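Heavy atoms only: backbone and side chains are in, while hydrogens, waters and symmetry mates are out. For reference, positions follow the sequence shown, starting with 1. Indexing begins at 1, ligand by ligand and atom by atom, following the structure's order. What you see is a predicted model, and the numbers here were worked out from it, not measured in a lab.
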Amino acid sequence: MDLSKVSDQITKVLVTEEQINEKVAELAAELDKKYADKDVLLVGVLKGAVMFMADLSRAMQIPVQMDWMAVSSYGSGTVSSGVVRILKDLDADVLGRHVVIVEDIIDSGLTLSWLVGNLEARGAASVEVVALLRKPAAAKVEVNVGLVGFDIPNEFVVGYGLDYAERYRTLKGVAVLSPAVYS
Ligand code: XMP
Ligand code: MG
């Protein structure tokens with residue numbers, strides 16, 4: 001859906017569809033170079049990374065496999081608790097594989113740092129993170145992120161996979177949600 005359709009529900013567009021397309025192509029080219037002779041498993045984090053994974057994987061020119069994990073780091077609100085639960089585990093065995101975690105957004109970093117450690121503990125040959133968005137001001141732990149698309153302000157954002165109460169995921173860009181929507 002175009003951002004213009006919800007212009008009354010957002011306060012600011014942070015990343016446009018065009019900016020995402022351009023960035024995804026750049027990130028894909030970097031991954032192609034880095035993993036040219038490697039067996040890569042892209043691990044998408046459900047559900048937020050679905051759009052990013054779909055576009056990034058298709059923009060890549062080396063053959064890769066995809067798998068998915070669903071984890072929960074939030075109670076019910078919009079603040080990370082640091083407690084991570086696996087809601088859906090990988091189908092693939094990561095032992096000896098080069099894993100690239102595809103993530104929508106790094107907020108506190110708690111979810112990702114846990115995920116990286118978890119996949120390393122399973123014996124992955126390497127674990128790298130590619131995230132479309134990052135909120136530097138919200139970082140609570142350092143995550144070794146290989147590639148980041150955009151650094152954004154510390155505000156709750158929706159679109160391109162990111163939701164508020166399961167809405168707005170299908171927006172083509174990323175925007176700050178109007179506070180009026182929360183009430
Ligand atoms: P942490 O804090 O562990 O959280 O880095 C990462 C996960 O939290 C979700 N998240 C958001 N979802 N708008 C969203 O729709 C946001 O602004 C936002 N910030 C964090 C997201 O699922 C991410 O994987
Ligand atoms: Mg969410």
Under a 3.5 Å distance rule, please check whether Asp93 uses its side chain to pair with a backbone N or O of Leu95 as donor and acceptor. yes
Provide the number and element of each atom of ligand 1 under 4.0 Å from a heavy atom of Leu110. 3 (O), 5 (O)
Taking the side chain as every heavy atom from C-beta outward, state whether Ser57 and Met66 have any atom pair closer than 4.5 Å. yes
Test side-chain contact (heavy atoms from CB on, under 4.5 Å) on Glu103 and Val130 and set out the steps. CA-CA 6 Å; Glu103 179 63 301; Val130 52; over 6 Å; no
Pair Lys88 + Asp91: basic N to acidic O under 4.0 Å: yes
What are the atoms of ligand 1, with element, lying closer than 4.0 Å to any heavy atom of Thr111? 1 (P), 3 (O), 4 (O), 6 (C)
Going by salt bridge (Lys or Arg N to Asp or Glu O under 4.0 Å), name the pairs with one or both residues in residues 40-50, residues two or more places apart or in two chains. Lys47-Glu166
Yes or no: does Val158 have any heavy atom under 4.0 Å from an atom of ligand 1? no
Is the side chain of Gln19 donor-acceptor paired with the backbone N or O of Thr16 at a distance under 3.5 Å, no angle test? yes
Provide the full list of salt bridge (Lys or Arg N to Asp or Glu O under 4.0 Å) pairs with a residue in residues 151-162, sequence neighbours left out, each pair given once. Lys12-Glu155, Arg134-Asp151
Nearest non-hydrogen contact with atom 17 (O) of ligand 1 belongs to which option: Glu103, Lys140, Arg167, Lys135? Lys135
Which one of Ala49, Gly161, Ser108 has a non-hydrogen atom at the shortest distance from atom 2 (O) of ligand 1? Ser108
Within a distance under 4.0 Å of any heavy atom of Val157, pick out the atoms of ligand 1 and give their elements. 13 (N), 14 (C), 15 (O), 16 (C), 17 (O)
Please check if any side-chain donor atom of Asp55 sits under 3.5 Å from a side-chain acceptor atom of Tyr160, or the reverse. yes
Which option wins on minimum heavy-atom distance to atom 24 (O) of ligand 1: Asp104, Val84, Asp107? Asp104
Ligand 1 contacted by Ile105 (non-hydrogen, < 4.0 Å): yes
So is Glu155 touching ligand 1 or not, going by heavy atoms under 4.0 Å? yes
Does Gly109 come within less than 4.0 angstrom of ligand 1, counting non-hydrogen atoms of the residue? yes
Which ligand 1 atoms, with their elements, are less than 4.0 angstrom from a heavy-atom of Leu162? 12 (N), 14 (C), 15 (O)
What do you reckon, does Asp163 have a nitrogen or oxygen under 3.5 Å from a nitrogen or oxygen of ligand 1? yes
